[in-house]
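Take a look at the structure below.
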Amino acid sequence: VAKPENPDGYPDDRRVDIVPYKKSKLPDISKLKKNDVFDLENMFFHPGLATMKKESMPVLISLTEMMQQNPGLKIRIEGHVHCFTEGDVWINGQIIKDLNSNNAKEMIRLKRLSRARAKCVYDYLIENKVDSARLQYTGLACKEMKLHPENNRRVAIRILDK
């Protein structure tokens, strides 16, 4: 990095930092059965985007290891986004009651966002040599707000087969 006081830069600017990740704890796969669902704890995205934050790496590494250690495991990655109550969504800084056809574009955006977040996890697994035939992904938008009113900003894993 060229700097005004030293055009050649400094040795500290030429380095690689290795940061160890602490593994995330996932459920014991032997105790899960077909159709069971678990959330990926500590899976973080930038607000309104399908871009993962670096803090998500431990859970992604653990999920990859789970898939590699269980070659018969098939999963569906389910993306969720937060709405305030059933039928209400947050649009341009305000809550819109009873989403109607005038706001259908926002519902489509929420569906796409939840799907894109699930695909982000899917893509990570593919990049790390998990066979795509073992993976599915979908976006559920606000579909499960009644079940998770406080935490519907999440990615869940559904067991399809073991």
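Here, residue 1 is the first one in the sequence, and each next residue gets the next number.
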Verify same cluster id: Ile126, Met66 (apolar side-chain graph, 4.5 Å): yes
Donor-acceptor contact below 3.5 Å, side chain Asp123 vs main chain Cys120: no
Flag, side chain of Arg117 to backbone of Leu49, donor-acceptor distance under 3.5 Å: yes
Check: Leu73 main-chain N/O paired with Arg134 side-chain donor or acceptor under 3.5 Å: yes
Exceeds 12 heavy-atom contacts within 6.0 angstrom, atom NZ of Lys25: no
Pair Leu125-Leu60, side chain to side chain contact (heavy atoms under 4.5 Å, CB included): steps then yes or no: CA-CA 8 Å; Leu125 292 170; Leu60 291 170; over 6 Å; no
Residues Lys34, Lys162; criterion side chain to side chain contact (heavy atoms under 4.5 Å, CB included); working and verdict: CA-CA 7 Å; Lys34 189 174 181 176; Lys162 288 175 49 175; over 6 Å; no
Gln68 side chain to Asn128 backbone, donor-acceptor under 3.5 Å: yes
Atom CZ of Arg112 with >12 non-hydrogen neighbours under 6.0 angstrom: no
Flag side-chain contact, heavy atom, 4.5 Å: Ile61 against Tyr124: yes
ILVMFWY cluster, Phe38 and Met67 together (side-chain gap under 4.5 Å): yes
Separation of Met43 CE from Met57 CE (nearest 0.5 Å): 9.0 Å
Cluster link Leu26 to Leu160, ILVMFWY, side chain under 4.5 Å: no
Path from Ile75 to Leu32 over hydrophobic side-chain contacts below 4.5 Å: yes
Interatomic distance, Glu65 atom CD to Ser24 atom OG [nearest 0.5 angstrom]: 10.5 Å
Approximate separation, where rounding is to 0.5 Å, of Leu140 CG and Arg154 CZ: 8.0 Å
Approximate separation, where rounding is to 0.5 Å, of Ser114 OG and Arg109 CZ: 10.0 Å
Working for side chain to side chain contact (heavy atoms under 4.5 Å, CB included), residues Ile29 and Gln69: CA-CA 10 Å; Ile29 193 68; Gln69 292 166 3; over 6 Å; no
Side-chain donor or acceptor of Lys119 paired with backbone N/O of Ala50 under 3.5 Å: no
Backbone of Glu78 reached by a side-chain donor or acceptor of Thr138 within 3.5 Å: no
Side chain to side chain contact (heavy atoms under 4.5 Å, CB included) assessment of Ile77 paired with Ile157: CA-CA 5 Å; Ile77 304 153; Ile157 302 298; 3.9 Å; yes
Ring pair (Phe, Tyr, Trp, His ring centres under 6.0 Å) involving Tyr137 - partner list, sequence neighbours excluded: Tyr122
Spacing of Ile159 atom CD1 and Asn35 atom CG [to the nearest 0.5 Å]: 9.5 Å
